[in-house]
Number of protein chains: 2
Amino acid sequence: MEPKGIPGLNAEESTAWMSLMAMTMWLPAALDVQLSRDEGISNFEYGALAALAQNECRSMRIKDLARMANGTFPRLSKMIDRFEKQGWVIRRPDPDDGRATRAVLTAEGLRKVAVATPAHIALARELVFDQLTSEQVEQLTTITQKVFRAAGPDGACASRMT
Amino acid sequence: MEPKGIPGLNAEESTAWMSLMAMTMWLPAALDVQLSRDEGISNFEYGALAALAQNECRSMRIKDLARMANGTFPRLSKMIDRFEKQGWVIRRPDPDDGRATRAVLTAEGLRKVAVATPAHIALARELVFDQLTSEQVEQLTTITQKVFRAAGPDGACASRMT
DNA sequence: AGACTTTAGTTGCCTTGTCAAGTGAGTCGT
DNA sequence: ACGACTCACTTGACAAGGCAACTAAAGTCT
């Protein structure tokens, strides 16, 4: 956070960039620390379990999970191996497409998400929402949506990155 | 980004949180893709090299580098091994403290940063600053600074996480 | 000065992630 | 309807990161 300019960015942009990079370093790390200490899972794994829990059929195709979580196939495949060993998920062939596999959340898995969620959300509130006015929360939504649209899977960037 | 509420957060906070998580997933990933494709280094490694380059003595104690980059000692130690193999950095004992090691950027290393920076910054501009008004850039700075203060190394959270 | 603690870093082992190759089911062209 | 191609994974070998144990220098206490 020095007053050092970044070549190609003006002063405001330099500050914003350093501050944004700092946040993207530390916020996920803080979430990881809490989750792995209290629940033995990473933030990435929590996201996957929570995504399964939200989908009211309690399951998702691995492909969709990978896309949503920005993970590769092997990474998801191995994560689901771990989940199966824990009894949180089972693999089921997709009835609509013989190639696809669905990851199905078990009752155990659903319980795990339910147990892990409160402290996770409490930390989210502490680190983010307690720091911001409700106006700033709105601004945050607007800004992060715009950046996500550019950087996310459908962004102009993603297509150039093949 | 469904209209699905997160228990413990109101509607606006839920949207903000999902959007923020999405951004923190995809933005660093996009930077990683560009850097590793074009320069063979990760965003994390770029950050370390750039930090060394900015420090006008072209060097830093490993401890400070670790703290700044939110990395562990072993991680930094091994990263510097790789940098030494590439000829970008050399290790030098710190004259002021016999325990400490300084990572010193070589001319090669400085050149590497100089070569890598323009495309990296261009992508930063494309993904973030081109998407935002200058007012939003200011808002982004304010918001990310607040979150960083809470989640970063000096935040109330960090001290509780020992 | 000598023992104890703290600090800074390295090393080894294990887990996790990545990349490339392989498998098997669907799709498309003729 | 048969071969070629694509898609959705899985597997295996390797690289990178995390944790715990170790080394060595600095500080601290008496």
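As a basis for the values below, the full set of heavy atoms in this structure was taken, side chains included, without hydrogen atoms, waters or symmetry mates. Labels below follow one simple rule: chain letters A, B, ... track the order of the sequence lines, proteins then strands, and each chain is numbered from 1. Only a predicted model underlies this, so the values are computations on that prediction, with no experimental measurement involved.
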Is a side-chain N or O of B:Lys112 found less than 3.5 angstrom from the main chain of B:Gln86, in a donor-acceptor match?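 Answer holds: no.
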Does the B:Arg58 side chain pair with the main chain of B:Ala53, one donor and one acceptor, at a distance under 3.5 Å?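 Yes; at least one donor-acceptor contact below 3.5 Å.
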side-chain contact (heavy atoms from CB on, under 4.5 Å) involving [X] - partner list, sequence neighbours excluded:
X: A:Arg82; result: A:Glu45, A:Lys78, A:Met79
X: B:Thr142; result: A:Gln136, B:Lys146
X: B:Ile121; result: A:Ile6, A:Leu9, B:Thr117

Please evaluate residues A:Val115 and A:Glu39 with respect to the criterion side-chain contact (heavy atoms from CB on, under 4.5 Å), reporting the C-alpha separation (whole Å), side-chain torsions for both, the decisive distance (0.1 Å), and the verdict. CA-CA 9 Å; A:Val115 168; A:Glu39 300 295 337; 3.6 Å; yes
Every protein N/O within reach of nucleotides 22-26 of chain C N/O, cut-off under 3.5 Å:
from	atom 1	to	atom 2	distance (Å)
C:dG26	OP1	A:Gly98	N	2.8

Check DNA chain D against residues 74-83 of chain B and give the residues with a non-hydrogen atom under 4.0 Å, in numerical order. B:Pro74, B:Arg75, B:Lys78, B:Arg82
Classify the ring geometry between A:Phe148 and B:Trp26 as parallel (under 30°), tilted (30 to 60°) or perpendicular (over 60°). perpendicular
Side chain proximity check, B:Trp17 to A:Leu140, heavy atoms < 4.5 angstrom: no
For A:Asp38, all residues meeting side-chain hydrogen bond (donor to acceptor under 3.5 Å, both in side chains), sequence neighbours excluded: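 Here the qualifying residues are A:Gln34.
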Using the test side-chain hydrogen bond (donor to acceptor under 3.5 Å, both in side chains), find all partners of B:Arg125 that sit at least two apart in sequence or belong to another chain. A:Glu13
Roughly how many Å is it from CG in A:Asp32 to P in C:dG17, rounded to a whole number? 10 Å
Reckon A:Arg102 touches a base, only the sugar-phosphate, or nothing at all at heavy-atom distances under 4.0 Å?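 Contact class for A:Arg102: none.
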Could you check B:Thr101 against A:Gly71 and say which one's nearest nucleotide on DNA chain C is further toward the 5' end? B:Thr101
Just to verify, what does A:Tyr46 make a ring pair (Phe, Tyr, Trp, His ring centres under 6.0 Å) with, not counting sequence neighbours? A:His120
Span of DNA chain D engaged by chain A, first through last nucleotide within the 4.0 Å heavy-atom cut-off, is D:dC7 to D:dA13
According to a 3.5 Å limit on both distances, what stems of 3 or more consecutive Watson-Crick or G-U pairs are formed with DNA chain D? C:1-30 with D:1-30
Who else is in A:Val104's hydrophobic cluster (ILVMFWY, side-chain heavy atoms under 4.5 Å, direct or via others)? A:Ile90
Enumerate donor-acceptor pairs with a distance under 3.5 Å from any side-chain N or O in residues 65-77 of chain A to protein atoms, sequence neighbours excluded.
from	atom 1	to	atom 2	distance (Å)
A:Arg67	NH2	A:Asp154	OD1	2.6
A:Thr72	OG1	A:Arg75	N	3.4
A:Ser77	OG	A:Arg91	NH2	3.4

